[in-house]
Amino acid sequence: MDSAAHYLGFDFSTQQLKVIAVNEQLHVVYEDNVQFDKDLPEFGTQGGVHVHEDKLTVTSPVLMWLKALDCILDRMKASGFNFSKIKALSGTGQHQPKFMKRVGGKRKQKWKTYTYAYRHTAVTQHGSVYWRTASREVLNHLPAEQPLHIALQTCFSISDSPIWMDSSTRAECHHLEKSIGGAQVLANITGSRAYERFTGNQIAKVYKQKPKEYSQCERISLVSSFAASLFIGDYAPIDYSDGSGMNLLDIHKKTWDETCLNACAPGLKEKLGSVVPSSSVLGNVSSYHVQRYGFSPHCSVVAFTGDNPASLAGMRLEEGDIAVSLGTSDTLFLWIKDPTPALEGHIFINPVHFEDYMALLCFKNGSLMREKIRDNCSSASWEEFSNILRSTPPGNNGHIGFFFDVMEITPQVVGIHRFNAKNQKVSEFPQDVEVRALIEGQFMAKRIYAERLGYKILPQTKILATGGASCNQDILQDLHCNLQHQLLQTL
Ligand SMILES: Nc1ncnc2c1ncn2[C@@H]1O[C@H](COP(=O)(O)OP(=O)(O)O)[C@@H](O)[C@H]1O
Ligand SMILES: O=C(CO)[C@@H](O)[C@H](O)COP(=O)(O)O
């Protein structure tokens, strides 16, 4: 074992780009992040995205991702970081996950929170990047003296990439489900019924609304394979797990499904390239990075994958465990062997053992919704938000709320819905009731949807939490109260 070797990970998430370097002992030797809104204001994003006038279309500028990478690598260089020590790199994030475990005898069972030593890989899922014809040549011969956002500025036929928050492709979803014989048939093949944010439907919209740009594009990458391409200096293949979030990949055969491809856009197979297992080594870093930053020419680049599959791998989830990610989106996922694709939720190919699978539920109104209520009800302070959670009773004296600031994925609704203890709809709650109603409503939804899909929390189950809000003990407390309720029911 080379004790001096370092491993580098990047997390292209919705709101920021993060980097982390660890040594062989998994000790963090470098960490940094570029916040898109704050550090790159010239792109005018809010929360890293542009919400268009229809409120359904959501995109991020592809040049912003490039500039963020230039910026983070330049800062590392300026800090004296020794790139030549890096043995391998991938899409690795920096969350410090927590996990909860039941402790105590049968009568005195309690949940205890531990910080988990492992960190995870992460690239926001479903977003797509459209490389203009002849860009491969540019990527193959990047001039070391130029930053990526300059060298590649003319390489994209679509400058605003559709991302996971987009829900503007309902028509394309109907068309895809109809073409394949219905929502359940599509779910059986690709792991999910048609979802607006899934990349096949996004590509179908691009083809319909921007046919010229579509025809001028020679390769379509996911954000994960786009990021890997920047390191290998060539088009990187899409990995199985992130590829499962496209409504295009047959998750059993692990090949593109021709009927799905044809229903979305012509010539799509060539534009997508091949698919590979998520742990594949794609090659070494390109000479651009060797010359510009001093990487070793032997530094391996491992396939980048989506944030949720990467979290499953990085958190070392075992069968029976359940993971909750509280990032921009909230997700709940677990490792499964025998998938039964349903009309709710998703089945992805497992990033660790590609013969296995992972099941995932995604909730769009996660951290940004919590931030909104924090700003309105607790003076924009997480501490005050936590105080309120601590000083209000579990169950909220019967007050219940469902908070969907933007069109939710699970379930597909929008709006704020509050009910008092008599089950009457009300238009507002006192501030402390509002805070608890939000958190209880969010976690109750997770429990109900997980139960509906047949997931059980057993006595040996570990509940792992990751993502920005997992640093908040009071939010975690409520998470396990809600999941424990299920535990009591299943005992
Ligand atoms: N103390 C806290 N309590 C609750 N939420 C927090 C706290 N600190 C950060 N967050 C939330 O974490 C979110 C970012 O999570 P992160 O996992 O980094 O997101 P992403 O990877 O999607 O960019 C922020 O939007 C913020 O609302
Ligand atoms: O759409 C999904 C999963 O299907 C989201 O979970 C995205 O992958 C966004 O990730 P974050 O930026 O919230 O981490």
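When a ligand or atom number is given, it counts from 1 through the structure's own listing order.
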Out of curiosity, Leu73 CG to Phe81 CZ, how far, rounded to the nearest 0.5 Å?
-> 10.0 Å
Classify the ring geometry between Phe363 and Tyr449 as parallel (under 30°), tilted (30 to 60°) or perpendicular (over 60°).
-> perpendicular
Just which atoms of ligand 2 are under 4.0 Å from any heavy atom in Thr14?
-> 11 (P), 12 (O)
Counting only heavy atoms, which portion of Lys18 has something under 4.0 Å from ligand 1: side chain, backbone, both, or neither?
-> side chain
Answer with side chain, backbone, both or neither: which part of Gln15 has a heavy atom less than 4.0 angstrom from an atom of ligand 1?
-> both
For Gln16, is the nearest heavy atom under 4.0 Å from an atom of ligand 1?
-> yes
Taking only heavy atoms of Glu371 into account, list the atoms of ligand 1 that are under 4.0 Å away from them.
-> 24 (C), 25 (O), 26 (C), 27 (O)
Using a strict 4.0 Å cut-off to heavy atoms of Gly467, name the atoms of ligand 1 that fall inside it.
-> 17 (O)
Taking only residues two or more places apart in sequence or in another chain, which ones pass salt bridge (Lys or Arg N to Asp or Glu O under 4.0 Å) with Asp356?
-> Lys337
Give a yes/no on ligand 2: does Leu360 have at least one heavy atom closer than 4.0 angstrom to it?
-> yes
Do Phe333 and His346 make the cut of ring centroids closer than 6.0 angstrom?
-> no
Assess the pair Trp65 and His149: is the distance between their ring centroids shorter than 6.0 Å?
-> no
Quick one: sort the Phe226 and Phe12 rings into parallel, tilted or perpendicular, breaks at 30° and 60°.
-> perpendicular
Counting from 1 in the order shown, the ligand 1 atoms closer than 4.0 Å to a non-hydrogen atom of Ile475 are 4 (C)
Taking only heavy atoms of Cys471 into account, list the atoms of ligand 1 that are under 4.0 Å away from them.
-> 1 (N), 2 (C), 7 (C), 8 (N)
Return yes if some donor-acceptor pair links the side-chain N/O of Lys364 with the main-chain N/O of Met407 below 3.5 Å, else return no.
-> yes
Separation between NZ (Lys446) and CG (Leu479), nearest 0.5 Å, reads 8.0 Å
One finds that the ligand 2 atoms under 4.0 Å from a non-hydrogen atom of Gln125 are 3 (C), 7 (C), 8 (O)
Residue part near ligand 2, for Thr331, under 4.0 Å between non-hydrogen atoms | side chain
Specify the closest pair of heavy atoms between His252 and Asn188, including all atoms of both residues, with the distance to one decimal.
-> NE2-O, 2.9 Å
Least distance between heavy atoms, Leu317 atom then Ala323 atom | CD1-CB, 3.7 Å
Quick one: does ligand 2 sit under 4.0 Å from the side chain of Cys362, the backbone, both or neither, non-hydrogen atoms only?
-> side chain
Does Arg197 reach ligand 2 with a nitrogen or oxygen that is under 3.5 Å from one of the ligand's nitrogen or oxygen atoms?
-> yes
Is there any N or O on Ser329 that sits under 3.5 Å from an N or O of ligand 1?
-> no
Assess the pair Tyr130 and Phe156: is the distance between their ring centroids shorter than 6.0 Å?
-> no
Quick look: Ile409 vs ligand 2, heavy-atom contacts under 4.0 Å, and the answer is neither
For Thr328, counting its heavy atoms only, list the atoms of ligand 2 lying under 4.0 Å from any of them.
-> 12 (O), 13 (O)
Honestly, for Thr466 the part within reach of ligand 1 (heavy atoms, under 4.0 Å) is neither
Lys/Arg N to Asp/Glu carboxylate O, Glu172 vs Lys208, below 4.0 Å | yes
Among Phe363, Phe348, Trp164, Phe12, the residue with a heavy atom nearest to atom 7 (C) of ligand 2 is Trp164
Nearest-option assignment for atom 8 (O) of ligand 2, heavy atoms, candidates Val123, Asp307, Asp330, Val223 | Asp307
For Gly327 and ligand 1, does the shortest N/O to N/O distance drop below 3.5 Å?
-> no
In residues 373-380, what donor-acceptor pairs under 3.5 Å come from side-chain atoms, sequence neighbours left out?
from: Ser378; atom 1: OG; to: Arg374; atom 2: O; distance (Å): 3.0
from: Ser378; atom 1: OG; to: Ser381; atom 2: O; distance (Å): 3.4

Should the proximity of His126 to ligand 2, defined as any heavy atom under 4.0 Å, be assigned to the side chain, the backbone, both, or neither?
-> side chain
